[in-house]
Amino acid sequence: MVKTGLEILLDSKGSLLDGSRVGLIVNPVSINSRFEHAADLFHQHAKINLTALFGPQHGIRGETQDNMIEWQTFRDKRTGLPAYSVYGETRKPTPEMLADIDVLVFDIQDVGTRVYTFVYTMALAMEAARECGKRFIVLDRPNPISGLQIEGNILEPEFQSFVGMFPIPMRHGMTVGELALMFNREFGIGCELEVVKMEGWRRSMWYEDTRLPWVMPSPNIPTVDTAVVYPGSVMFEGTNISEGRGTTRPFEIIGAAYIEPDELIEDLRIDNLPGVFFRPLHFQPTFHKFAGELCGGIQIHVIDRNAFRPVITGAAIISAIHRVYPDGFEWKRPPYEYVYDKLPFDVINGSSQLRERIEAARPVAEIEESWRDGLREFGERQKTYLLYD
């Protein structure tokens, strides 16, 4: 079994916290292999002086279900400690929040996709730690969709947002600890950083290979299968296509009231996408887009994870829907994640180029080829920060 940074810290590196007042950035996934939560473990530990908790989007214990819902600071009933929201009035810990803290510890599971906000909560907390003279420790966790593949375009500076602060691809192939090292040095945060590595994790591992328990990183990522498709399916959030919120398989089921499933699948055949099967279906979302309406669409069945390319698959589906249903398809309008002057689809993709190519009906192969040079350069840059084989 893989040992996470949390378990390594408590087993053998507790001296990192000796004599320090500790702030802990956590959410429901911050558990050990026995399902014990980091906040409880720190609070009960005789040698750890836990003084505050911090929580990202969706809350410390999963208090908010939907996307882009802010929550407010409260006092945690289990520990009696202040639980500061860094997805509310502020997304960055304030000096007042850090006044009784010497070291900030981050222990949250990422899903391997650039747009997942947790890694930017980490980045902003690292900035706050540097500005306030605090140490920062990342307890590393697996990339659940393996650490070998990278895919998608590199984010362009003018599209920086809370779902993309740095020039990395949509599928980045790194752990949160590796990202922290890259953010800190490559992108100039410059805090006093230490990463507690995992034991037993290899880059070729999918999450099930770790034998660690799976807990939903956020309410609409219920399974590892969801995380596998998410780097592409998250793009549907920038359109009027349902990304399956309000169904039992979000991001795997997609569709809209104007789609005829077999017609869409027939059009997708020309792209010959690897590792995936599109099953036609109808569904009625219980909330979110098309709530209560009958939608036609597809379920994305990944039949070979190592061959499957989620980002180009998502782009191909949107391109097909744009082509086949020009009167029904729409780009979603702003705002999206605190951005009010750009289309959400462009914010998600960190560029307007994918949208422009879809609008121009450019072939999927050409879209994928346009990413190649950026990915090659990123692959070379990331090597410096990789901690595992």
Side-chain angles (χ1 to χ4, degrees), residues 57-58 62 64-71 87 111 113 115-117 161-164 170 216-223 225-265 267-268 276 278-301 310-311 313-340 342-349 354-355 358-359:
Q57 184 178 18
H58 302 296
T64 57
Q65 160 72 29
D66 203 357
N67 200 25
M68 292 177 280
I69 302 297
E70 294 182 341
W71 60 280
Y87 195 81
V111 297
T113 306
V115 299
Y116 219 51
T117 62
S161 72
F162 195 53
V163 290
M170 181 66 91
M216 296 183 293
S218 56
N220 287 291
I221 307 286
T223 68
D225 288 339
T226 322
V228 171
V229 300
Y230 182 76
S233 294
V234 68
M235 291 191 285
F236 298 115
E237 291 185 5
T239 73
N240 69 342
I241 306 164
S242 168
E243 63 270 22
R245 293 177 190 271
T247 76
T248 55
R249 306 294 290 195
F251 298 106
E252 296 175 69
I253 290 174
I254 66 95
Y258 56 80
I259 290 175
E260 199 291 307
D262 291 310
E263 185 177 44
L264 174 59
I265 289 172
D267 192 83
L268 279 166
V276 65
F278 301 118
R279 183 177 64 85
L281 85 165
H282 288 85
F283 62 99
Q284 289 184 341
T286 58
F287 61 88
H288 218 257
K289 299 172 186 172
F290 301 105
E293 294 185 56
L294 181 64
C295 293
I298 57 177
Q299 182 169 352
I300 302 168
H301 291 269
V311 184
T313 299
I317 296 170
I318 293 171
S319 183
I321 295 172
H322 181 276
R323 182 169 57 246
V324 178
Y325 303 102
D327 295 332
F329 177 87
E330 295 177 358
W331 303 112
K332 191 176 178 181
R333 307 305 301 176
Y336 183 85
E337 284 290 358
Y338 304 97
V339 177
Y340 297 87
K342 294 180 176 65
L343 288 176
F345 189 81
D346 296 350
V347 174
I348 291 166
N349 283 285
L354 177 56
R355 174 180 54 82
I358 290 173
E359 290 175 337

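Nothing here was measured: the structure is a model prediction, and the numbers come from that model.
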Any side-chain heavy atom of Tyr325 within less than 4.5 Å of one from Ile241? no
How many angstroms lie between CZ in Phe236 and CD1 in Ile348, if you round to the nearest 0.5 Å? 10.5 Å
Going by heavy atoms in the side chains, are Met235 and Leu354 under 4.5 Å from each other? yes
Straight-line distance of Phe329 CZ to Trp331 CH2, nearest 0.5 Å: 4.0 Å
Which heavy atom of Ala316 sits nearest a heavy atom of Leu268, and at what distance? O-CD2, 3.7 Å
With heavy-atom distances below 4.5 Å as the criterion, would you say the side chains of Pro310 and Ser233 are in contact? no
Specify the closest pair of heavy atoms between Gly238 and Phe345, including all atoms of both residues, with the distance to one decimal. O-CB, 3.6 Å
Quick one: does Tyr230's side chain get under 4.5 Å of Val115's, heavy atoms only? yes
Quick one: ring pair (Phe, Tyr, Trp, His ring centres under 6.0 Å) partners of Phe283, sequence neighbours excluded? none
With sequence neighbours excluded, give me every salt bridge (charged side-chain N to carboxylate O under 4.0 Å, His left out) pair touching residues 246-260. Asp225-Arg249, Arg249-Glu252
Looking at every heavy atom in both Ile298 and Leu281, which two are closest together, and how far apart are they? C-CD2, 3.1 Å
How close do Pro334 and Tyr340 get, counting heavy atoms only, and between which atoms? CB-O, 3.6 Å
For Asn240 and Gly328, indicate whether the former's side chain and the latter's backbone hold a donor-acceptor pair under 3.5 Å. yes
When every non-hydrogen atom of Ile358 is compared with those of Ala315, the smallest separation belongs to CD1-O, 4.2 Å
Could you walk me through whether Glu337 and Ser161 pass the side chain to side chain donor-acceptor pair (under 3.5 Å) check? CA-CA 7 Å; Glu337 284 290 358; Ser161 72; over 6 Å; no
Can you tell me how far OG1 of Thr117 sits from CD of Gln57, rounded to the nearest 0.5 angstrom? 4.0 Å
Any non-hydrogen side-chain atom of Arg245 less than 4.5 Å from a side-chain atom of Lys289? no
Donor-acceptor under 3.5 Å (Thr286 side chain, Gly246 main chain): yes
4.5 Å side-chain heavy-atom contact, Tyr258 and Ile321: yes
dist His288:NE2 -> Asn220:CG (nearest 0.5 Å) comes out at 8.0 Å
Value rounded to 0.5 Å, distance of CZ in Phe278 from NE2 in His301: 10.5 Å
Report the residues that fulfil side-chain hydrogen bond (donor to acceptor under 3.5 Å, both in side chains) with Asn349, sequence neighbours left out, ordered by chain and then residue number. none
Point-to-point distance, once rounded to the nearest 0.5 Å, from CD of Gln284 to OG1 of Thr247: 12.0 Å
Could you check whether any side-chain heavy atom of Leu343 comes within less than 4.5 Å of a side-chain heavy atom of Arg333, counting everything from C-beta outward? yes
Could you check whether any side-chain heavy atom of Ile221 comes within less than 4.5 Å of a side-chain heavy atom of Phe251, counting everything from C-beta outward? yes
Over all heavy atoms of both residues, which pair between Pro285 and Ser242 is shortest? Give the atoms and the distance, please. CG-OG, 4.3 Å
